[in-house]
Amino acid sequence: MQILWLMVTLVPAILADTPANCTFNDVAGKWVFYEGSRIHNGSIDCTTMVSVVRKLRVNLRYPNVAIDEFGNRGQWTMIYNEGFEVTVNQRTYFAFSYFTKESSNITSYCDRTFPGWSHDVTLRHWACFQAQKQSPVPPKVHCNPFHEMTKGNELVSLEKLEQLVNNINRAQTSWRAEVHQPFIGKTRYEMLRICGGKRSWLAHRVSPARASVALQSAAAELPPAFDWRNVSGINFVSPVRNQGGCGSCYAFSSMGMLESRLRVQTNNTLQVQLSPQDVVSCSQLSQGCDGGFPFLVAGKYAMEFGAVEEKCNPYVGGGGACTGRTCLKHYTASYGYVGGYYGACNEELMRLELVLRGPISVSFEVYPDFENYKSGIYHHTGLGGFNPFEIVNHAVLLVGYGVNETTGEKFWIVKNSWGEGWGENGFFRIRRGTDEAGIESIAVHVTPIP
Ligand SMILES: *[C@@H]1O[C@H](CO)[C@@H](O)[C@H](O)[C@H]1NC(C)=O
Ligand SMILES: *[C@@H]1O[C@H](CO)[C@@H](O)[C@H](O)[C@H]1NC(C)=O
Ligand SMILES: *[C@@H]1O[C@H](CO)[C@@H](O)[C@H](O)[C@H]1NC(C)=O
Ligand SMILES: *[C@@H]1O[C@H](CO)[C@@H](O)[C@H](O)[C@H]1NC(C)=O
Ligand SMILES: *[C@@H]1O[C@H](CO)[C@@H](O)[C@H](O)[C@H]1NC(C)=O
Ligand SMILES: *[C@@H]1O[C@H](CO)[C@@H](O)[C@H](O)[C@H]1NC(C)=O
């Protein structure tokens, strides 16, 4: 026990880097949650664990069932590979899995967590807690892919881009590339942030779940094409924005989902623009300009702390002090992975969620060929070099789907955050039904409160 408490003081230094690599199999099993006093509110600081006043035994079972020592049944899910969230007996517990960093090595200890946060489902009583699995899981080492990456290294040259663009356009006809002028002269480090940021890197990605026959027939009832930008002539999608050189795509994807769903839930009468800067500067559940994940932002941050409007904290595209938390806030009532837990997603569930409830946050792997996409239905061509360790997850907003009448190729319609000058007026289409670049594996939905 004492060892466990000693380890926790390193938290802030470490969380700015790549996350742990913990999987469902590492985490499923019997845990003990060590919890501090519950007298706190949401301002509680859980950087270090102070004193334990309560122990709770919880069994995390397949596929998402959590059972506490009193026999109460709840749910749990992995949060990507970096932690887990459990809701049982009217309380929610969330913590990042523990890891250490030693030069280029990250060691994940998936049988314990950093200090995390717990609160009752009405958000009144908060506490810090830390969890330890009853059976040990061997530590896992992976290389930090961004260890050697510094701010000043090689620039994106026009010549190289033109060559890549020509190769892409020669190799296939499904989509077209064009040099995107604003990317010329960027460093690899800046491109990393534009494409997701190092904290959005996933050491291990889940595959889509198989669709049952019942699910397939439910999805077959949906229209063959659908687009929230034009539902009987009405646009429910807020305008395309530009994240600039900050790894804040997850904040734009998250705020974009809240904005669109508020429009959907009010027949387009509540049209607010929300503040990604607030998320970048104020959220402890993401890593500012180094990346983050929509589940924790559109979902958890917006439920627990609320999203503020753009005018309250306008976007500057960098870090900076957290201000404006006293403005009017927009909250999320519920959130989750499409399918109910991490690993349960697939195309059919995504289409149902999209059509019935509004745009959804998705993430996919940005390969170098994607950056200069101009039009058509994207699929990864394999061109532009291949270094799997530098493939990060770019969060975007799914707004529709369709199929090309000539080729029969199915596609998703997706809103990016690279400005209106990129792609198809700021949007892109990507192959659908084949988990292209992982886009069908980790979709997130939320229900905002209008
Ligand atoms: C939350 O708790 C802190 C100290 O524990 C207190 O200063 C603050 O006023 C509380 N905030 C609210 C909104 O009650
Ligand atoms: C990194 O991990 C490798 C393989 O596990 C090991 O051989 C090496 O010594 C480690 N390096 C450091 C600096 O810990
Ligand atoms: C992460 O863990 C999974 C499962 O243990 C393993 O298959 C994968 O290779 C790991 N990723 C890295 C980058 O080490
Ligand atoms: C919306 O779709 C309808 C028919 O699907 C089309 O006639 C109309 O031009 C579209 N409107 C816009 C603004 O694209
Ligand atoms: C939603 O708004 C549209 C256009 O403003 C209107 O035609 C339609 O009747 C409204 N729907 C409902 C359910 O009020
Ligand atoms: C469908 O695909 C064909 C062949 O690639 C292309 O010429 C056409 O523009 C596509 N249609 C649409 C609506 O994108």
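Both backbone and side-chain heavy atoms feed into the values below; hydrogens, waters and symmetry mates do not. As the structure lists them, so they are numbered: ligands from 1, and atoms in each ligand from 1.
- For the 3.5 Å distance criterion, the side chains of Trp418 and Glu371 fail to qualify, holding no donor opposite an acceptor.
- Taking atom 5 (O) of ligand 5 as the reference point, the nearest protein heavy-atom neighbour is Ile234 CD1, 4.6 Å.
- Ion pairing of Arg91 with Glu35 is present here, as a side-chain N (NZ or NE/NH1/NH2) and a carboxylate O approach within less than 4.0 Å.
- Taking the charged nitrogens against the carboxylate oxygens, Asp290 and Arg193 do have a contact shorter than 4.0 Å, which makes a salt bridge.
- Side-chain atoms of Ser248 and Tyr315 include a donor-acceptor pair closer than 3.5 Å.
- Among Asn21, Ile106, Val137, Asp26, the residue whose heavy atom lies closest to atom 12 (C) of ligand 3 is Asn21.
- Using a 4.0 Å cut-off between charged nitrogen and carboxylate oxygen, Arg199 and Glu82 count as a salt-bridge pair.
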Item to check | Steps toward salt bridge (charged side-chain N to carboxylate O under 4.0 Å, His left out) verdict (Glu409, Arg429) | outcome: CA-CA 11 Å; Glu409 192 173 15; Arg429 288 175 290 156; over 6 Å; no
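- Counting only heavy atoms, the protein gets under 4.0 Å from atom 2 (O) of ligand 5.
- No N or O atom of Val141 sits closer than 3.5 Å to an N or O atom of ligand 3.
- Closest protein heavy atom to atom 13 (C) of ligand 4: Asn230 ND2, 4.4 Å.
- Of the protein's heavy atoms, Asn267 ND2, 4.2 Å lies nearest to atom 6 (C) of ligand 5.
- Using a 4.0 Å cut-off between charged side-chain N and carboxylate O, Arg261 and Glu353 make a salt bridge.
- Taking every non-hydrogen atom of Thr23 and a distance limit under 4.0 Å, the qualifying atoms of ligand 3 come out as 4 (C).
- The nearest non-hydrogen atom to atom 7 (O) of ligand 3, considering only His142, Lys140, His204, comes from His204.
- Distance check for atom 9 (O) of ligand 4: every protein heavy atom is found at 4.0 Å or beyond.
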